[in-house]
Structure formats: C-alpha cells, structure tokens
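The structure appears right after this line, and notes come after that.
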Amino acid sequence: MSMAAAASLRSLARRRPRLRLPAAPLAVPGARAAFLSGAAEEAAADAAAAPAPGRKVLESFREEFEIGGRPIAFETGKMARFANGSVVISMEDTNVLATVAAVKSSEPVRDFLPLTVDYQEKQYAQGVIPTTYMRREGAPKERELLCGRIIDRPIRPLFPPGFYHEVQIMVNVLSSDGKQDPDVMAANASSAALMLSDIPWNGPIGVIRVGRIDGNFVLNPTVDELGLSDLNLIYACSRDKTLMIDVQAREITERDLQAGMKLAHLEAIKCIDPQIRLAKQAGKEKKEYKISLISDTSYEKIRTLSEAPIEEVFTDSSYGKFERGEALEKITQSVKAKLEEENDEDSLKFLSKAVDTVRKQVIRKRIIEEGLRVDGRQLDEVRPLYCESNTYPVLHGSALFSRGDTQVLCTVTLGAPGDAQRLDSIVGPPTKRFMLHYSFPPFSINEVAKRGGLNRREVGHGTLAEKALLAVLPPESDFPYTVRVNSEVMASDGSTSMASVCGGSMALMDAGIPVREHVAGVSVGLVSQVDPTNGDISNYRILTDILGLEDHLGDMDFKIAGTRKGITAIQLDIKPAGIPLDIICESLEPARKARNQILDRMDQEISTARAMNDGSAPRLATLSFSSDSLRKLLFHRKTIERETGARVSVSDGTVTIVAKTQPIMDKAIEKVEFLVGREIEVGRTYKGIVSSIKEYGAFVEFNGGQQGLLHISELSHEPGSKVSDIVTVGQELSLMCIGQDVRGNIKLSLKATLPQPRKKKVLESKDPLPSQEVGWASVDNMPSVGADAEPSSSKHEEAPTFSTPSVVIRSEADCDAQDAANGPKKRPKVVKSSPRPYKAPSERQEVRTATAKKAPGATKKTKKVKIEESGSDGLGTSGSEVPEQTATNTLDLKQSPVNFQSGSMKLGDVITAKVYQIRAFGLVLELSDGARGMHKFKENGEKEFEVGQELLVKCQSFNAKGIPVFSLLD
C-alpha cells in the first residue's frame with residue numbers, strides 16, 4: 001500500500017464517529033489502556049446521574065451529673081441501637097458500653113431467673129495488643145468474672161417474682177485512661193440500660209466507690225488514690241434500701257465503716273435521677289412478660305399436705321444436714337403422689353417451688369416468733385469449732401478448720417517473686433504476689449458433677465477470703481515471696497468462704513509467714529417479716545453463723561471478716577428488693593462478738609508464726625549480688641532450674657531460690673554461687689574445677705570464675721610425688737580457702753576438707769618434741785589489737801587452722817607478726833573473713849617475739865608489746881605480754897631452741913641443723929622438726945661436709961618458694 005493511501009485511510013478514521021466497544025478481553029497491546037479510559041468516562045457519567053447518599057443523623061440523648069467533683073454522663077442512641085437497651089457511661093477519658101437483651105419467647109423455659117452478665121476488658125481500650133499467641137482476648141479472666149458479679153448482685157433482686165425469662169447484660173470497656181476503675185461505671189450503665197429496655201425491672205440503682213485517705217472519705221477515688229486508701233467500699237442501693245456491699249479494708253472499725261456506708265448511700269442516689277430522666281426521653285414501654293406464679297388454690301393445697309410434717313422435721317434438732325434433706329424429700333414425694341392421684345397438673349407443675357415456700361414460711365415463723373433455729377442454737381451462738389495447724393508437715397503450711405459441719409483444708413505454698421500472678425487488667429498492678437484459690441468440689445455436698453474451668457462462685461469466694469487476709473500480710477519489702485493459699489472445701493454447710501479465711505490465717509502462720517495477727521470471718525443472716533400494705537419490714541431477727549439452709553431460706557448472707565482491731569473484708573448478698581441500712585449496721589456488732597470468739601480458739605492452736613526453718617519449710621533462700629554479677633545468671637537460670645529442679649528468680653540484685661527439698665536447695669545455691677561468685681571467706685568450703693596443673697600445684701577456678709592456687713603441700717595429708725597423681729584437669733573438687741599470700745593469690749586446701757589421719761609418736765634422741773606440722777599462715781589473718789585498745793573479753797568462735805604452702809615469701813615483719821599472733825603457748829585463731837590485698841611491710845607494725853631459749857645466767861628482760869589493730873576480722877591476743885628477744889637468750893649455740901617451730905622462723909634466728917643432702921651448689925639442711933632449709937656455697941667456699949653433720953646456722957633469707965636460706969656461723 002502506498003503512503004498516500006495510508007494517509008487517506010487515517011483521515012477517514014478520524015472523521016468516523018467513535019463506537020462503544022463491548023467489554024471483552026483485548027489482545028492488542030495498548031488496547032487495555034484505551035478500554036479502561038472509556039470505562040472511567042462511563043462511570044463518571046453514571047455518577048453524575050445518581051443521587052448522592054444522604055447524611056444519617058443519629059439521634060442521641062445525654063444526661064450529665066456530678067459526684068465527688070467528677071463529671072459523669074449517660075448517653076444512648078449513638079451506639080448499639082438494635083439492643084433492647086444500650087447506654088455509654090463516661091467519666092473523664094474512660095467510656096463503658098452496657099447493653100441488655102432478652103429472649104423473644106413469651107413462655108419461660110426455666111424455674112429461675114437465667115440472668116447472665118458478661119463483662120469484658122479488651123486490650124484496645126488501653127492501646128495495647130494482646131500478648132497471647134493468637135493476639136486475641138481469650139477466656140474471661142478473674143477480674144472480668146468479679147466485675148460481672150459486682151453488676152449481677154445488686155440487679156438480680158429487683159426483677160419481679162416469677163420472671164424467669166433469659167436476660168443477658170453485656171458490658172464492654174471502650175476506652176480507659178487508667179485512672180478510674182470501670183467496674184462501678186459498668187454497674188451504673190447496666191442499670192440505665194435496663195431502664196431503657198422493655199424488660200420489667202424495679203430499678204434504677206446507684207453504685208459508688210468510697211475510699212479513705214488520712215481519715216478523710218474520698219468519693220470515686222482514682223486507682224492511685226486507692227493505693228493510699230485504707231478502705232475500698234463499693235456500695236449499691238435503691239433510693240431507700242441497700243442492695244449490695246463489697247469491702248476491702250485495713251482493719252477499719254465498725255463505727256468508721258458505718259459512717260462510710262451512710263455517706264455512700266447519700267452520694268449513690270445521685271445516679272438514680274439521671275437514669276429516670278434518660279428513660280423518659282428514650283426508654284421503651286415495658287413489655288408484658290408471662291410470670292410463672294402458682295395459684296393461691298394450688299399453694300393452699302400443697303401447704304395443707306406438707307406443712308405439718310415439715311414442722312416435725314424442723315423441730316427435731318437431732319437431724320443432720322443430709323438426714324434433714326432426706327426427710328424433706330420424702331415429704332415432697334408423698335405430696336407428689338397425692339397430687340398425681342388427683343391428676344392436679346397445675347399443682348404438680350409448681351410442686352417443688354411450693355414446697356420450698358412452705359419450708360421457708362415454717363422456718364421463718366419459728367425463728368421470729370419463738371427464737372428457735374433449725375439446729376437448736378441461740379440466735380447469736382456460734383457452732384462448735386475445731387482447729388488444727390501443721391496438718392501435713394511436708395507442706396510449707398497447712399491447717400484444718402471446722403465450724404459445725406463446714407470443714408475446710410487450707411494449704412500454703414511459697415514461691416519466688418517471679419512466681420507472682422501476671423494480670424492483664426487495664427487498671428491496677430501488673431502482678432499479684434498473694435493468691436487464694438478456693439475450690440468447692442461436688443463431694444463436699446455429696447453430689448456428682450463435672451469439674452470445669454473458672455467458676456464464678458469459686459472465684460468470688462476465693463477473692464473475698466484473699467482480700468480478708470491481705471491486710472495482715474507483711475509488706476513486700478520485708479517478705480518478697482509469692483504466696484499461694486489453696487482452700488479445699490471438705491464439707492459444706494454454710495459459709496465456706498469465712499471458714500477459708502480462718503483456715504488460711506492459721507496456714508499462713510504455720511508456713512512461717514510473719515502475719516501480724518489472725519483473721520477470722522463469720523456469716524450473719526436475716527429473717528424478716530414484711531408488712532403487705534407498704535412493703536416495709538415489720539419484724540426481723542439477726543442470725544449469727546448461719547447454716548446452709550438458713551442462707552437459702554433467709555433474706556441475706558452478710559459475710560464479715562477481720563481481726564480484733566477491725567474489719568478487713570465484707571460481702572453482702574440479699575434476696576429481697578433491698579434491706580434498710582440501719583439493719584445492716586446493726587448486724588456488725590453480733591458479727592464482731594462471734595469473730596472474737598473464733599479468734600480466741602484459733603490463738604489456742606497457733607498464735608505466732610513458726611520459724612521459717614522449722615520442719616520441711618526451709619526451702620527458700622535469698623541471695624544478694626551486684627547487678628553486674630547477675631548477668632551470667634540471666635543466661636543460665638533455665639539451665640540451673642532444669643538441672644536441679646529448683647525455681648530461680650532474679651530481680652534487682654536479688655536471687656530467690658525455691659526448692660522442694662533441702663538437698664535440691666543446696667545444689668541450686670552451689671550452682672548459683674559458682675556461676676556468680678560470692679565474697680570469699682577464710683575457712684569456707686567452695687566447689688572448684690581444676691583448670692591447669694603445674695609442678696608445684698594446681699590452679700582451680702571457683703566462685704564465679706576466680707582463680708586460686710592449690711599447692712602440692714595442700715593436696716593430701718600424705719606426701720605425693722606428683723600433682724597429676726592426685727588431681728586432673730577438669731576435676732571438680734571441694735576446697736577450703738585458707739588465706740591469701742603476700743602476692744594476693746587465694747590459697748586453697750584440699751586436705752583441710754579431708755579427715756585428719758591418726759598422729760604417730762616420733763621419738764628423737766635429743767630434745768624430744770611432739771611431731772607437729774605447722775605452716776606459715778597469712779599475715780592478714782593474724783590477730784592484732786590497737787595500741788590503745790583494752791583487752792577483749794569476747795570469745796570468738798574457734799575456726800580450724802591449716803598448714804599453708806611453704807612457697808610464700810616472708811619478710812621479717814611478716815614473721816614477727818606471725819609470732820606475735822601465735823604467742824608462746826596458743827595457736828592463732830583464724831576467723832572466717834574475706835581475704836584482703838597484700839599490704840606492704842612498711843604499713844604493718846613490726847612485732848618481735850622471743851623464740852630461743854634463754855641462756856643460763858642471762859638477765860631477764862621483758863617488754864610489753866601492744867599489737868595495733870589492723871581492722872581485719874582476725875582474733876586478737878589483746879594486751880598480751882611477749883618477751884622481747886635479746887642477744888643473751890639466743891647465745892646457746894649448741895642446740896636448737898626447745899620451742900622451735902619452722903613455721904615461726906624469722907630472719908636472724910640461730911639454730912642447729914643437720915646436713916640432709918649435699919648438692920653441687922649447696923646443702924639441703926634438716927631442721928629439728930623435720931622441715932628443710934638450704935645453704936648456698938660461696939664461690940671458692942669450703943665444700944667438705946658430711947651427711948648427718950650438725951651445723952650452727954643463721955636464717956639469712958627466704959627464696960621464692962619460701963624455703964629458708966641459712967648462712968654458716970664460725
């Protein structure tokens with residue numbers, strides 16, 4: 001095709017109108033970009049034609065109020081709009097969402113209120129990613145279960161009787177500034193959500209926290225303020241009655257607690273009016289739910305059939321818990337058989353509830369009108385007590401406590417600080433060093449059931465007992481160990497949580513934990529009559545130490561724990577829709593009297609903490625090191641734990657070791673000290689490994705990498721030919737530190753750790769002396785006292801003295817100090833002390849002591865020499881008089897001194913020695929005690945000597961190995 005033809009075709013293509021191509025795959029390069037450009041133009045055209053989305057308006061309602069100077073706000077309509085009721089409560093930067101929902105069925109499916117409260121703290125609320133493997137929140141934590149109980153306990157009594165429809169309250173912490181604990185806010189938000197819903201509920205309620213700092217009450221204190229407070233009171237109420245109380249305190253008096261509760265009531269009702277106003281603006285109309293109530297006709301029929309036999313059972317105090325239960329069950333079955341004969345289906349449907357109501361009426365009538373309890377006790381009488389400590393000696397601590405038929409076994413386990421429980425809460429401390437775990441097995445009530453995971457009831461009871469005992473524990477600075485108390489319920493017939501407090505207190509003392517005093521607890525109940533016209537209580541009785549049956553059929557379970565000084569923990573649970581605060585305050589006094597009676601019985605069993613080293617308990621050790629020394633241990637801690645079975649915890653220069661048995665503890669301490677090192681003490685035994693062998697001894701690595709010299713003379717009591725015949729490189733030895741030489745080397749001894757062989761009598765022809773092997777000890781370890789010091793009368797503990805290697809260089813001052821310390825009669829006492837660096841002879845005071853026997857006719861000259869105190873831990877012979885050496889008492893040149901000892905030799909001493917061996921350059925001399933010395937020949941000197949020849953020699957010097965060098969006297 002010609003170029004002209006191609007140009008004309010392009011011109012025609014430009015004039016032709018553009019066609020819209022179908023959406024098909026394009027194979028031509030560059031065609032995809034052209035197609036996308038066309039699609040974009042088409043989308044722009046469609047967008048211009050379609051209307052823009054409208055702006056959604058979320059109608060929300062807000063109520064604000066103030067408590068304790070802190071603004072609080074309820075808001076609804078913005079979040080969770082599909083929920084039956086939803087409220088967001090705000091306090092500063094903490095926001096909590098509470099929602100409520102109920103099942104759609106109009107027929108109840110159970111014969112009780114299936115209320116569920118789920119409280120959750122997700123880590124996003126504090127800007128943290130969870131540390132779990134999946135980086136997600138897992139099962140509910142203990143704190144979440146406890147916060148759910150705080151919400152559940154005041155809300156449940158306000159549902160109408162017979163309302164058995166399933167209700168679920170879910171609470172989520174949306175954001176937290178770490179200042180306010182969200183639990184109280186969650187309870188108020190849940191109350192507001194129920195007010196907004198269509199669920200019948202006789203609210204609202206107000207919940208508040210009260211603290212006390214320096215005697216002044218603080219409303220809704222922050223987390224930091226709670227750390228300074230001696231009171232943590234959570235109080236829930238309606239406008240005129242108390243619904244729930246939860247207290248943790250540091251021995252607050254009953255009078256102060258009453259003042260705190262009255263203040264809390266006045267402030268808590270400030271939360272009620274904002275909820276009512278919010279419900280008027282955005283609340284739903286209450287729905288008509290079917291109430292499961294027995295008819296009056298059916299109830300009267302069942303009461304007529306069962307009331308008389310039930311009274312017979314309850315009037316017989318000889319019945320035990322299970323015997324009474326079996327008798328009541330027979331009555332129920334008898335009534336059931338009669339109703340089945342009559343085909344009364346309505347009465348059979350509510351039989352169990354009706355019989356239970358009859359029991360309740362019979363018991364309450366006898367208590368109020370006659371003052372008679374089920375087991376025949378007085379209203380303020382405590383059941384018989386049984387206390388036993390040290391139940392199982394092999395445990396760190398154990399105790400068995402029984403009150404009536406309720407029995408609890410408490411055990412204590414001590415651990416290292418690293419064993420503390422880690423908490424992932426968005427508020428509060430990151431760890432918890434004291435734990436009380438409560439266990440309620442089914443056999444304790446003679447039932448069969450499966451054991452599951454965390455149980456709300458077990459967590460709540462354990463936390464209550466934990467708070468009660470926490471007030472008397474020593475501070476962490478004095479007792480840094482982690483403590484775990486296990487409370488195993490052996491039998492249950494009322495108030496096992498308070499029995500756990502009593503048993504746990506005794507077990508803590510049995511474990512040697514220095515608690516200040518015992519803590520005891522008791523549960524107080526209430527039985528009341530209500531005026532049907534106005535719903536107020538017209539008559540009531542307060543019961544001390546209630547049974548399980550009295551708890552079930554009564555109006556409240558008021559658990560109070562404390563010491564003789566005051567209250568440490570309280571938990572109040574009620575069944576009616578509130579109890580007047582005056583009755584609750586009145587219940588504190590009988591609880592105090594009963595608590596003191598229990599404390600008296602506990603003190604009779606154990607009144608003070610046992611010694612930590614008593615029995616099998618000494619399995620904890622705390623070692624202090626410098627932070628730099630612990631670097632090695634951080635890398636080898638797991639290895640030590642694996643090899644020994646002990647638990648090692650490292651923190652802030654402190655190493656805590658926990659072991660099951662004492663041998664394991666010793667092995668772990670040995671490995672830690674070998675790895676890290678300790679301050680070296682003379683007389684202490686160390687484990688070491690031979691690093692190298694020389695002709696004169698072996699070098700040993702011990703005490704965290706330090707080097708010490710094991711001289712050949714300290715290998716064994718028997719002489720050995722070679723060092724390698726006794727020890728080998730890499731061999732582990734137990735060695736004793738015997739001092740430090742003048743060069744600063746640490747001297748070790750193997751024979752000091754071996755048993756001493758029997759001494760053999762040595763008879764000599766001249767001047768018989770006992771064969772005694774004496775070495776030269778370190779001058780730094782010799783006793784000395786100051787020049788102005790008075791003679792010491794204190795007796796120091798005698799430590800063994802050891803023969804030190806003869807390779808140490810000795811100066812004249814060293815030898816004089818040695819003689820002065822030894823004295824003419826007594827050997828030096830070596831005290832366990834850390835070896836010190838070598839001091840120059842000029843820094844030490846010279847002390848001269850006579851060692852030679854006085855010549856006949858010599859005049860007696862003595863001089864009192866005071867030895868200056870050197871500041872060491874050595875034992876001094878203060879004020880001792882030592883004769884000064886003179887020329888006259890060393891002039892007997894015919895024989896060696898009678899009291900001569902080579903270990904006390906000093907320069908200038910003149911003695912008689914025998915030629916032991918003749919060598920090319922000198923003589924080997926044998927001293928009178930068997931020690932060796934040497935004499936060097938002078939150039940062109942006389943070399944005619946015979947073995948056994950006696951020579952008169954004078955100590956001239958010591959060679960590098962400490963061997964004395966003598967010169968001949970004419």
Side-chain angles (χ1 to χ4, degrees), residues 613 618 620-626 629-630 632-633 640 644 646 653-655 657 659 662-691 697-711 713-717 727 731-756 775-783 794-805 808 821 827-838 870-876:
N613 295 331
L620 296 105
T622 301
L623 310 176
S624 298
F625 300 94
S626 63
S629 302
L630 293 178
K632 293 182 181 179
L633 187 60
I640 295 176
T644 63
T654 301
V655 178
I657 304 175
Q662 194 62 39
I664 294 177
M665 172 65 71
D666 296 339
K667 187 177 181 181
I669 293 177
E670 176 185 316
K671 288 186 174 292
V672 170
E673 291 185 349
F674 179 80
L675 187 65
V676 180
R678 301 284 289 173
E679 184 180 358
I680 302 174
E681 299 178 3
V682 174
R684 182 172 180 177
T685 303
Y686 298 89
K687 290 285 187 179
I689 297 177
V690 179
S691 59
F699 284 97
V700 180
E701 182 178 350
F702 74 109
N703 198 42
Q706 300 192 41
Q707 290 282 343
L709 175 61
L710 175 60
H711 192 258
S713 62
E714 295 295 335
L715 285 173
S716 174
H717 294 288
V727 296
Q731 182 178 355
E732 184 174 335
L733 302 172
S734 294
L735 306 170
M736 181 176 289
C737 177
I738 57 175
Q740 184 180 29
D741 62 23
V742 293
R743 296 179 178 179
N745 298 323
I746 300 172
K747 300 185 299 182
L748 303 174
S749 175
L750 176 61
K751 71 178 183 181
T753 62
L754 302 177
Q756 188 76 19
W776 296 301
S778 172
V779 177
D780 289 338
N781 294 324
M782 292 302 102
S794 62
K795 294 183 179 180
H796 295 271
E797 190 173 359
E798 192 80 34
T801 58
F802 307 104
S803 176
T804 57
V808 183
R827 295 192 51 163
K829 297 180 180 179
V830 180
V831 174
K832 294 183 180 180
S833 60
S834 300
R836 298 192 306 272
Y838 168 72
S870 63
S872 69
D873 293 332
L875 298 177

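Just so it is clear, the model here is predicted, and its values are computed rather than measured. This chain uses plain numbering: 1 for the first residue, then up along the sequence.
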Residues at least two apart in sequence or cross-chain that pass salt bridge (charged side-chain N to carboxylate O under 4.0 Å, His left out) with K667, listed by chain then number, are none

In this structure, CD1 of I746 is separated from CD1 of I738 (nearest 0.5 Å) by 11.5 Å

> Do the non-hydrogen side-chain atoms of H711 and K747 ever get within less than 4.5 Å of each other?
Replying inline: no

> Just wondering, do L735 and S749 contact through their side chains at under 4.5 Å, heavy atoms?
Replying inline: no

Correct closest heavy-atom pair for T644 and K671 would be CG2-CD, 3.7 Å

A698 meets the side-chain contact (heavy atoms from CB on, under 4.5 Å) criterion, sequence neighbours left out, with V690, I693, V723, V727

Quick one: does any side-chain atom of S691 pair with a main-chain N or O of F699 as donor and acceptor, under 3.5 Å? yes

For I657 and A668, the nearest pair of non-hydrogen atoms, with its separation, is CG2-CB, 3.8 Å

Nearest heavy-atom approach of A659 to M665 is CB-N, 3.6 Å

Should V672 and L623 count as side-chain neighbours, where that means a heavy-atom distance under 4.5 Å? yes

Sorted by chain and residue number, the side chain to side chain donor-acceptor pair (under 3.5 Å) partners of T685 (sequence neighbours excluded) come out as none

Distance col, row L710:CG vs K751:NZ, nearest 0.5 angstrom, shows 10.5 Å

- Message: Less than 3.5 Å apart, any donor N or O on the side chain of K687 or S734 sitting next to an acceptor on the other?
- Response: yes

**Q.** L748/L709 under side chain to side chain contact (heavy atoms under 4.5 Å, CB included): CA gap, chis, key distance, verdict
**A.** CA-CA 6 Å; L748 303 174; L709 175 61; over 6 Å; no

So CG of L733 and CG of L715: to nearest 0.5 Å the spacing works out to 9.0 Å

